[in-house]
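Everything quoted here is computed from the prediction, not taken from an experiment.
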There are 2 protein chains.
Amino acid sequence: MDFDREKVLKVEQQKTISKAVITRLPRYYRYLGELIEEGVERISSNDLSVRMKVTASQIRQDLNNFGGFGQQGYGYNVKYLYSEIAKILGIDRQHNLIIIGAGNLGQAIANYANFEKRGFVLKGMFDVNPRLVGLVVRGVEIRGIDDLENFIHENNVQIAALTIPKSKAAEIAQRLVNSGIKAIWNFAHVDLQVPDDVVVENVHLSESLMRLSYRVCSLQDRMKQEAEKLREMENQ
Amino acid sequence: MDFDREKVLKVEQQKTISKAVITRLPRYYRYLGELIEEGVERISSNDLSVRMKVTASQIRQDLNNFGGFGQQGYGYNVKYLYSEIAKILGIDRQHNLIIIGAGNLGQAIANYANFEKRGFVLKGMFDVNPRLVGLVVRGVEIRGIDDLENFIHENNVQIAALTIPKSKAAEIAQRLVNSGIKAIWNFAHVDLQVPDDVVVENVHLSESLMRLSYRVCSLQDRMKQEAEKLREMENQ
DNA sequence: TAGATTGTTAATCGATTAACAATC
DNA sequence: TAGATTGTTAATCGATTAACAATC
């Protein structure tokens, strides 16, 4: 009995990879892709750290969360590491996705999702606006929202991008959850309430713009203050 | 001499607000806006923490980086705190911005930037595609890219949103920097090289999608493993 | 083999949470 | 005044960096 409990605990604890590490993985992936394009075959954590402006220590720590992908005295094989990170991120598998909200943002996402050949397959687009329904974007027809539940089941859809106004987001999210969706890529300015087994990844553009605003203003304030202090010192 | 150095150091050290705090500020702002709409006049850190699913301690710590906005025994006045956070974020001031790249994403941003009445004023849009030049989006004419430098100077533009392919991004960024732009809201999949006095805020949608993919896959893996372990235990 | 570079442990740094005295 | 709740200090927790033995 005690033995079993120990086993279960171990499995549960197994890998609690920190969020910060996950955030950095796609960036590693991008740089490795560039290295492949440049024809670079192997790279040390140190060389990569210079390119990426992070510490070599961080790179090695991050990667070792998932296994030893390098070799002492050699470094990392670029192509191998690239494909291993793809596996970790799960972008070697196919993800079927739909986009709900076929406005400019929805259409922009449609282009992304199809261009990036990372296993994301755009299966359908939906909109409430009857003037958009029937139009074809990147080979995908825009459907009315009534179809939603059937379409998800029939096309084995795992991911839904939500590019609709916040007023409609909660209601649609509920319908998605009920239809068994696995993840919501949420562009609406709300925090969605979903069960534990549904992933929500937020892209809150307005918050990003506010951070930008803060950084501009605080940088200017700091420069202004420093200039003033220097002037004061000179006057003494 | 020693005295002056001390003074300068103090100014420099003054406020090094952590990035995590800045990331959370816009979310506080959003929730306070909702509270105002609901007609709530005051709120305690504890009540807000329940709504936002963070700790009350974190809320108080975060806010106290900028000053004491609350009152013991009372809590925080919602409207006052809302306006103070606006000041901190600098969204009470006017920011003139342009959008470079008038495709779907650029147009989506144009809608955002104008709808959100937070002091961001869309002054112009630019595109290399001659078929787009001359079109009018949300009252703003799309211009050819040759105009760029003059336009920035004449319209006192501080922020440029970069919604163009990565291949063109570095070159345009350099032109923006040379024209004295203060900040770049970068949607291209590259890390831009800019001087210290220019702010870059990245929105890398493909990285966001990869994080989503990771989270879906790791959640499924974990659930699969746990189910298996339970089955094993039952069989013993 | 010697040099290079990883994987990993230990040390440091920073951010979050808890606790409580100050005070409205 | 008593109760509530902040502002702030102290304790804990986690993430980053440094160091170095293992090893290719």
Open item on the list: Measuring from the side chain of B:Ser45 (C-beta onward, heavy atoms only), which nucleotide among C:dT17, D:dG7, D:dT6 has the closest atom?
Closed with: D:dT6

Task: Ionic contact status for A:Glu201 with B:Arg215, cut-off 4.0 Å - done: yes

- [ ] Answer yes when A:Arg51 and A:Glu38 have at least one side-chain N-carboxylate O distance shorter than 4.0 Å, and no when they do not.
- [x] yes

Task: Basic-acidic side-chain contact under 4.0 Å: A:Glu207, B:Arg30 - done: yes

Task: Ionic contact status for B:Lys87 with B:Asp92, cut-off 4.0 Å - done: no

Task: A:Gln58 side-chain proximity, nearest of D:dT16, D:dT8, C:dT17 - done: D:dT16

TODO: When you get a sec, tell me which of D:dG7, C:dG7, D:dT16 is the closest nucleotide to the side chain of B:Arg60?
DONE: D:dG7

Task: B:Ile164 and B:Phe187, any side-chain heavy atoms less than 4.5 Å apart - done: no

Open item on the list: Give the residues of residues 68-89 of chain B touching DNA chain D, defined as any heavy atom closer than 4.0 Å, sorted by residue number.
Closed with: B:Gly68, B:Phe69, B:Gly70, B:Gln71, B:Gln72, B:Gly73, B:Tyr74, B:Gly75, B:Tyr76

Task: Between P of C:dA22 and CG of B:Asn64, the distance in whole Å - done: 16 Å

Task: Plane angle bin for A:Tyr29 and A:Tyr82 - parallel if under 30°, tilted between 30 and 60°, otherwise perpendicular - done: parallel

Just the table, please: protein N/O against nucleotides 9-13 of chain C N/O, every pair under 3.5 Å.
residue	atom	partner	partner atom	Å
C:dT9	O4	A:Gln61	NE2	2.7

- [ ] Kindly say if A:Thr55 contacts the phosphate of D:dT16, meaning a side-chain N or O under 4.0 Å from OP1 or OP2.
- [x] no

Open item on the list: Would you call the rings of B:Tyr214 and A:Phe66 parallel, tilted or perpendicular, taking 30° and 60° as the class edges?
Closed with: perpendicular

TODO: Output yes when A:Asp191 and B:Lys53 qualify as a salt bridge under the 4.0 Å nitrogen-oxygen rule, no when they do not.
DONE: no

Open item on the list: For D:dG7, give the paired nucleotide (Watson-Crick: N1-N3 plus N6-O4 or O6-N4; G-U: N1-O2 and O6-N3; both under 3.5 Å), or none.
Closed with: C:dC20

TODO: Using only side-chain N and O atoms of A:Arg42, determine if any of them is under 4.0 Å from OP1 or OP2 of C:dA4.
DONE: no

